[in-house]
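All values below were derived from every heavy atom in this structure, side-chain atoms included, with hydrogens, water molecules and symmetry-related copies excluded.
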Amino acid sequence: MPPADTGASTIVVDASAPSSPVITTAAPSGAHERLEPGRPGYRKMSFALFAAGVAAFALLYSTQALLPAISASYGVSAGQASWTVSAATGALALCVLPLSALSERFGRRQMMTASLTVAVLVGMLVPFAPSIGWLIALRAIQGAALAGLPASAMAYLAEEVRPKALIAAIGLFVAGNSIGGMSGRILTGWVAQAWGWRAALAAVGLLAVACAVAFHFLIPKARHFQPGSLNPKRLARTVATHLGNPLLVRLYAIGALFMTVFGAVYTVIGYRLVEEPFSLPQGIVGSIFLVYLVGTVSSAAAGRLVARLGRRGALYLAVSTTTAGLLLSLSDALTAVLLGLVLITAGFFAGHAVASSSVSRTATTGRAQASALYQSAYYLGSSAGGTLGAVAFHAGGWAATVALGLLAVLGVVSITLYGTRVARAERRALVPATR
C-alpha cells in the first residue's frame, strides 16, 4: 500500500534501491482497497484482462494452425514457415523488458492499451503480406507490440489485487491466453478451409479488435501504481538483482522449458495431422485446438493445486501430466493423439500459472522487471521450441519432436528437484538457530 496521505507531495525512494529502477511519486492513499473477489471492480478487471489475454494469444499464434497452408502458398519448408510464429514470440521476448520499464513511467493500464492497439493495427495488415519475408517481418512487429501486455498485466495484478487472490487472478489471465489460443486456431482453421489462410488471419484481426475494445472500457484505473522517472542504471541493477536471485532464475528456466515443449508440439502438430495416417482437412485440424479448454481449467485451478500440494508439488504434477501426454501422442491412433494433446495442454498451463504467479510473489520490488524477465524467458522458449520442433520434425518426424519435448521436461524435473533439495537444506540450517 502507498504511504498514508499527509497532505503534501511526497517523494519516495525505495529502501532497496538496487531493486527499484524508478524514483516514484507517491499518490495519496488509504482510500482504495486492493481488489479481491466480491469487491467492486474485481469482476470488471477479470473480464478486461481475460479479453486482453484472448486478443494477445489469438494474434501471437495466429499463423500456427495455418503453417501447412502458408508453406504451400509460398512454397517454403516447415522450418521456414515456422518463423511466422517464432519471429513474433522472439520479438516479444526481446522487447518485453524495455516496455515493462516504460510501464513504470507511463502506467500499466496505458502500456497494455497501447500494446493491444498497435498489435491489432498490424494484425489488419498481416493478411496482405506479399511474401514470406514480409509476413515474417510484420509478425515480428506484432510480437514486439504485444510485449507491453504480459509483464504489465502481471505487475498490474500484483499491485491492484490482494496477495491471497493473486494466483487466482493470474490464473484467469492465463486462462484468457488459452481461450485466445484455442479460438484463434479454430477460427483460422475453418475460415482457411472455406476462404483461404489470408481470410483466416483477417478474421483473427477482427476478433482481436473486439477484445481490445472490451478491455479499454472494462479495465479499472490503477489505484496503487506510483509513476516514476526512468533511471537506466537502477533498471540495470534491478535486472541484475533479479538474475542474482536463484529462485527467480529457476522459475524463469521452468517457464522457458515448459514453453519449449508447448511451442514445439503446437507448431508441428498441424503438419502431422494433415499427413498420413490421419489426412485431416484444415478445418478439423483447427478444431483440434479445442483442447485449449483444458488449459483454461488447469490454469484457473493452479491456486488450488498450490494450496494442496505446494508450489513444487504442483510443478511435479504438471511435469508428470505433460510427459504422459508426449508419450501418448506417439501413437498412430487419433484418439490417443488427442488425449496426449489434452494432457500436454493441461500440464503446460498448470505449470505456467504456478511459475508465473510464483515470480510475482517472490519479487517484492521491481515486480514489472521480474515479470518481464519471466516473459522473456517464456517466449524465448516458445520461439526456440517452434523452430527446433519444426527442424526436428523435418529431420526425424513426430518422434523427434517428442524427444525434444521430453528433453525439455527432464530439464524442468531437474530444476524442481534441485529447488526441493535447496529448500530442505535451508530448513535444516534454521533448526539449530531456533533452539
Report yes if some heavy atom in the side chain of [X] is under 4.5 Å from a heavy atom in the side chain of [Y]; otherwise report no.
| X | Y | result |
| --- | --- | --- |
| Thr323 | Leu406 | yes |
| Leu248 | Leu373 | no |
| Ile219 | Phe47 | no |
| Phe258 | Leu315 | yes |
| Leu157 | Met45 | yes |
| Val285 | Ile269 | no |
| His352 | Tyr374 | yes |
| Leu309 | Tyr316 | no |

Return yes if a side-chain donor-acceptor contact under 3.5 Å exists between [X] and [Y], otherwise no.
| X | Y | value |
| --- | --- | --- |
| Ser103 | Tyr156 | no |
| Gln110 | Thr113 | no |
| Ser356 | Tyr378 | no |

When rounded to the nearest 0.5 angstrom, what is the spacing between [atom1] in [X] and [atom2] in [Y]?
| X | Y | atom1 | atom2 | answer |
| --- | --- | --- | --- | --- |
| Leu327 | Thr322 | CG | OG1 | 11.0 Å |
| Leu66 | Thr188 | CG | OG1 | 4.0 Å |
| Leu97 | Leu102 | CG | CG | 10.0 Å |
| Ile344 | Leu328 | CD1 | CG | 8.5 Å |
| Gln375 | Ser152 | CD | OG | 10.0 Å |
| Leu201 | Leu138 | CG | CG | 10.5 Å |

Any salt bridge (charged side-chain N to carboxylate O under 4.0 Å, His left out) pairs touching residues 248-273, not counting sequence neighbours?
->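 Residue pairs passing salt bridge (charged side-chain N to carboxylate O under 4.0 Å, His left out), neighbours aside: Arg272-Asp332.
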Step by step, would you call Tyr252 with Leu243 a side chain to side chain contact (heavy atoms under 4.5 Å, CB included)?
-> CA-CA 9 Å; Tyr252 298 154; Leu243 292 178; 4.3 Å; yes
Kindly determine whether Arg139 and Gln142 satisfy side chain to side chain contact (heavy atoms under 4.5 Å, CB included), including the steps that lead there.
-> CA-CA 5 Å; Arg139 293 283 293 141; Gln142 196 171 46; 2.7 Å; yes
Nearest atoms (heavy-atom pairs only) where [X] meets [Y]:
| X | Y | value |
| --- | --- | --- |
| Ala48 | Leu218 | CB-CB, 3.8 Å |
| Leu380 | Ala93 | CG-CB, 3.5 Å |
| Ala318 | Gly347 | CB-O, 3.3 Å |
| Thr63 | Val85 | OG1-CG2, 3.4 Å |
| Leu404 | Ala264 | CD2-CB, 4.0 Å |
| Gly184 | Val204 | O-CG2, 3.9 Å |

Under 3.5 Å, side chain of [X] to main-chain N/O of [Y], donor-acceptor pair present?
| X | Y | answer |
| --- | --- | --- |
| Arg198 | Pro127 | yes |
| Ser357 | Val354 | yes |
| Thr84 | Ala81 | yes |
| Gln282 | Ala65 | yes |
| Ser115 | Met112 | no |
| Ser73 | Ala69 | no |
| Ser62 | Leu59 | yes |

Pairwise ring pair (Phe, Tyr, Trp, His ring centres under 6.0 Å) hits with a residue in residues 74-103, at least two apart =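 Those involving residues 74-103 are Tyr74-Trp197.
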Return each pair, listed once, that meets side-chain hydrogen bond (donor to acceptor under 3.5 Å, both in side chains) where at least one residue sits in residues 398-410; pairs must be two or more places apart or across chains.
-> Ser329-Trp398
Please lay out, stage by stage, how Ile415 and Leu257 fare under the test side chain to side chain contact (heavy atoms under 4.5 Å, CB included).
-> CA-CA 10 Å; Ile415 293 168; Leu257 290 168; 3.8 Å; yes
Yes or no on side-chain hydrogen bond (donor to acceptor under 3.5 Å, both in side chains) for Ser86 and Thr387, after CA distance, side-chain angles and deciding distance?
-> CA-CA 7 Å; Ser86 297; Thr387 300; 2.8 Å; yes
Phe262 pairs by ring-ring contact (aromatic ring centres under 6.0 Å, His included) with which of Tyr379, Phe349, Phe57, Tyr61?
-> Phe349
Enclosure of Phe128 CZ (heavy-atom neighbours >12, cutoff 6.0 Å) |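 Count not over threshold, so no.
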After noting the C-alpha distance and the side-chain angles of Val413 and Tyr418, does the key distance pass the side chain to side chain contact (heavy atoms under 4.5 Å, CB included) rule?
-> CA-CA 8 Å; Val413 172; Tyr418 176 77; over 6 Å; no
